[in-house]
Amino acid sequence: MVGAGHSWSDVVLSDDFLVNLDDYSQPVKLNLSNLQVTVQAGMRLKQLHILLEKNGMAMRNLGSVSEQSIAGAISTGTHGTGIQYPILSTQVIGLRVIHAAGDIVEIGEEHPLLDAYRLSLGTLGIISEVTLQCTAFFHLKENAAPMNFDEAVRQLPELLQTNDHLKFWWFPHVNFIQVYRYNRTHEPLHTFSAAERWMRDSFLAQYVFSGLLKTGKTFPAIIPRVNRFINTLHFKTYERIDKCYRVFNVAMPPRHRESEIAIPVEQAGEALLAMRQMIEREKLFINFVVEARFVKADDCWLSPAYQRDSCYIGAYQHCKQWDNYLHAFELLMKNFHGRPHWGKEFTPARYDFQSLYPKWNDFLKLHHETDPEDRFGNRFTNTVFNLPS
């Protein structure tokens with residue numbers, strides 16, 4: 001199965017057939033009294049937001065973009081940020097799934113295998129419908145401000161507990177972290193004008209930032225100076241109140257490489273300090289942000305946040321040193337028992353998934369029972385599951 005093709009990993013690559021549900025993307029049922037919605041699995045998140053808003057509802061939490069299909073987002077473990085809010089898959093309370101043999105099964109809220117089907121890498125069958133538990137529509141107040149790197153790390157535990165949603169963006173070679181705090185509010189909208197939104201989301205993100213990335217890619221030695229310039233230009237103190245999905249989502253960035261690994265949240269500060277030391281020690285010139293987001297523990301069998309509150313640290317890059325950066329990043333996060341994001345780049349051979357995921361063998365057994373001929377497998381899943389190709 002393939003959704004929007006937004007993943008950086010090889011999760012959908014196949015030498016056989018790809019099945020796409022872009023034309024199977026309509027609402028099926030609205031339960032306004034219980035704030036629940038059932039939609040066909042090909043619906044993109046950006047379409048879902050509009051449907052929900054019209055009916056006074058919203059998803060409890062979101063990631064940074066809404067280009068994905070709902071089935072693709074949950075199947076790869078898409079997450080947002082907020083230590084009281086788990087990954088998007090946990091908002092799923094029901095699924096209709098077509099198994100490899102063609103039988104259609106309903107996985108309801110009380111089904112004992114719901115936590116396996118919520119995040120399945122597409123290996124348990126075709127998800128055709130998704131039922132979500134939503135919340136009442138809400139506004140978010142965003143407070144953004146730069147903070148000294150060491151001070152931000154020191155204040156991290158308090159920041160996590162005093163804000164609904166928290167995010168760190170740090171440009172390597174710069175001694176400041178941009179701290180984003182998002183909190184639910186009943187205050188009226190007070191946000192960027194259309195001109196300001198164009199300047200931030202189009203001009204700065206798509207033209208200025210993209211041009212600077214290309215310059216750094218050509219001349220890596222100037223990346224520290226470029227990063228300081230971008231930090232000064234873009235990372236400022238501001239406040240806005242907007243619709244929830246507009247605040248959660250960010251402008252689509254220029255094309256880049258991306259890896260993300262989840263570690264226990266209590267080790268987040270130590271890991272960020274180690275990340276800074278690693279970049280300096282390995283003499284890496286990194287021209288994209290390092291991101292830290294925070295997620296509540298859940299019970300989805302293949303979730304990187306399975307049964308532990310987690311910090312997802314993202315390593316992103318737009319230059320020739322990516323392979324060296326990814327290698328060093330994965331080795332470092334291994335010290336913190338890191339679990340890679342299924343939709344981002346990682347090296348399967350570097351992970352002992354059986355020890356990282358307590359329900360690993362149970363999932364493999366279920367996959368074999370529902371798809372004994374491995375029709376929904378590919379080279380990626382065979383490598384991850386250690387199955388013959």
Side-chain angles (χ1 to χ4, degrees), residues 1-29 36-48 51 59 63 66-78 87-133 300-303 341-343 359-360 362-385 387 389:
M1 294 301 299
V2 59
H6 188 76
S7 292
W8 280 259
S9 73
D10 295 342
V11 63
V12 302
L13 296 187
S14 176
D15 295 324
D16 297 308
F17 297 95
L18 291 177
V19 179
N20 175 268
L21 296 181
D22 278 356
D23 293 330
Y24 194 71
S25 57
Q26 298 301 310
V28 176
K29 181 180 179 182
Q36 295 171 356
V37 61
T38 301
V39 297
Q40 294 173 341
M43 180 177 284
R44 299 292 178 95
L45 292 179
K46 60 186 178 182
Q47 298 171 302
L48 178 61
L51 170 68
M59 296 185 71
S66 289
E67 299 300 319
Q68 308 102 312
S69 68
I70 181 60
I74 64 173
S75 295
T76 53
T78 297
I87 65 174
L88 269 62
S89 304
T90 62
Q91 299 178 49
V92 175
I93 58 171
L95 295 164
R96 173 173 284 189
V97 181
I98 305 168
H99 282 164
D103 53 310
I104 299 175
V105 295
E106 301 282 351
I107 309 295
E109 191 169 12
E110 303 302 323
H111 197 289
L113 297 177
L114 178 60
D115 283 324
Y117 279 89
R118 279 169 161 168
L119 199 175
S120 65
L121 306 181
T123 62
L124 299 182
I126 297 175
I127 297 172
S128 65
E129 293 181 4
V130 180
T131 301
L132 298 164
Q133 178 60 61
C300 298
W301 292 8
L302 295 190
S303 169
H341 188 309
W342 297 112
K359 302 288 286 186
W360 188 256
D362 294 319
F363 187 89
L364 294 187
K365 180 181 177 183
L366 180 60
H367 169 57
H368 180 71
E369 291 172 352
T370 58
D371 186 11
E373 297 179 357
D374 199 30
R375 292 184 181 180
F376 293 111
N378 62 1
R379 189 178 296 112
F380 174 86
T381 57
N382 289 339
T383 300
V384 166
F385 295 156
L387 300 173
S389 298

Can any side-chain N or O of Ser75 pair as donor or acceptor with the backbone N or O of Ala71 at less than 3.5 Å?
yes
Spacing of CD1 belonging to Ile93 relative to CD1 belonging to Ile107, to within rounding of 0.5 Å
14.0 Å
Give a yes or no on whether the backbone of Ile98 and the side-chain of Asp103 come within a donor-acceptor separation of less than 3.5 Å.
no
Could you tell me whether the side chain of Phe376 reaches within less than 4.5 Å of the side chain of Thr370, counting heavy atoms only?
no
Closest heavy-atom pair and its distance - Thr76, Val11
CG2-CG1, 4.3 Å
Gap between atom OG of Ser303 and atom NZ of Lys359 - 0.5 Å precision
14.0 Å
Output the distance between atom CZ (Arg44) and atom CD (Glu67), rounded to the nearest 0.5 Å.
7.0 Å
What heavy-atom pair brings Val92 and Leu114 nearest, and what distance separates the two atoms?
O-CD2, 4.0 Å
What is the minimum heavy-atom distance between Ile70 and Ala41, and which atoms define it?
CG2-O, 3.4 Å
May I ask you to decide whether Arg375 forms a salt bridge with Asp16, counting only side-chain N to carboxylate O separations under 4.0 Å?
no
Please table the atom pairs, donor to acceptor, closer than 3.5 Å between any side-chain atom in residues 120-129 and protein atoms at least two apart or in another chain.
residue : atom : partner : partner atom : Å
Ser120  : OG   : Gly122  : N            : 3.3
Thr123  : OG1  : Ser120  : O            : 2.7
Ser128  : OG   : Arg96   : O            : 3.3

Side-chain (Gln40) to main-chain (Gln26) donor-acceptor, under 3.5 angstrom:
yes
Ignoring hydrogens and geometry, is there a side-chain-to-backbone donor-acceptor pair from Trp342 to Leu302 under 3.5 Å?
yes
Can Ile74 and Leu95 be said to form a side chain to side chain contact (heavy atoms under 4.5 Å, CB included), step by step?
CA-CA 11 Å; Ile74 64 173; Leu95 295 164; 4.0 Å; yes
Parallel under 30°, tilted from 30 to 60°, perpendicular over 60°: which one fits the rings of Trp360 and Phe385?
perpendicular
Apply side chain to side chain contact (heavy atoms under 4.5 Å, CB included) to the pair Glu369 and Leu366, showing each step before the final yes or no.
CA-CA 5 Å; Glu369 291 172 352; Leu366 180 60; 4.1 Å; yes
Please report the closest heavy-atom contact between Ser89 and Gly77, naming both atoms and the distance.
OG-CA, 4.4 Å
Backbone N/O of Ala73 and side chain of Thr78: donor-acceptor pair under 3.5 Å
yes
Salt bridge (Lys or Arg N to Asp or Glu O under 4.0 Å), that's the test. Do Asp115 and Arg118 meet it? Break it down for me.
CA-CA 5 Å; Asp115 283 324; Arg118 279 169 161 168; 2.6 Å; yes
Is Leu21 close to Met1 at the side-chain level, that is, under 4.5 Å between some pair of heavy atoms?
yes
Least distance between heavy atoms, Cys300 atom then Ile87 atom:
SG-CD1, 4.5 Å
Any side-chain heavy-atom pair from Met43 and Pro27 closer than 4.5 angstrom?
yes
For the student: nearest non-hydrogen atoms of Thr381 and Gly377, plus distance:
OG1-CA, 3.3 Å
Does atom CG of Asp23 have more than 12 heavy-atom neighbours, drawn from other residues, nucleotides or ligands, at distances under 6.0 Å?
no
Is any side-chain heavy atom of Arg379 less than 4.5 Å from a side-chain heavy atom of Asn382?
no
Taking it one step at a time, do Gln36 and Gln133 satisfy side chain to side chain donor-acceptor pair (under 3.5 Å)?
CA-CA 5 Å; Gln36 295 171 356; Gln133 178 60 61; 2.9 Å; yes
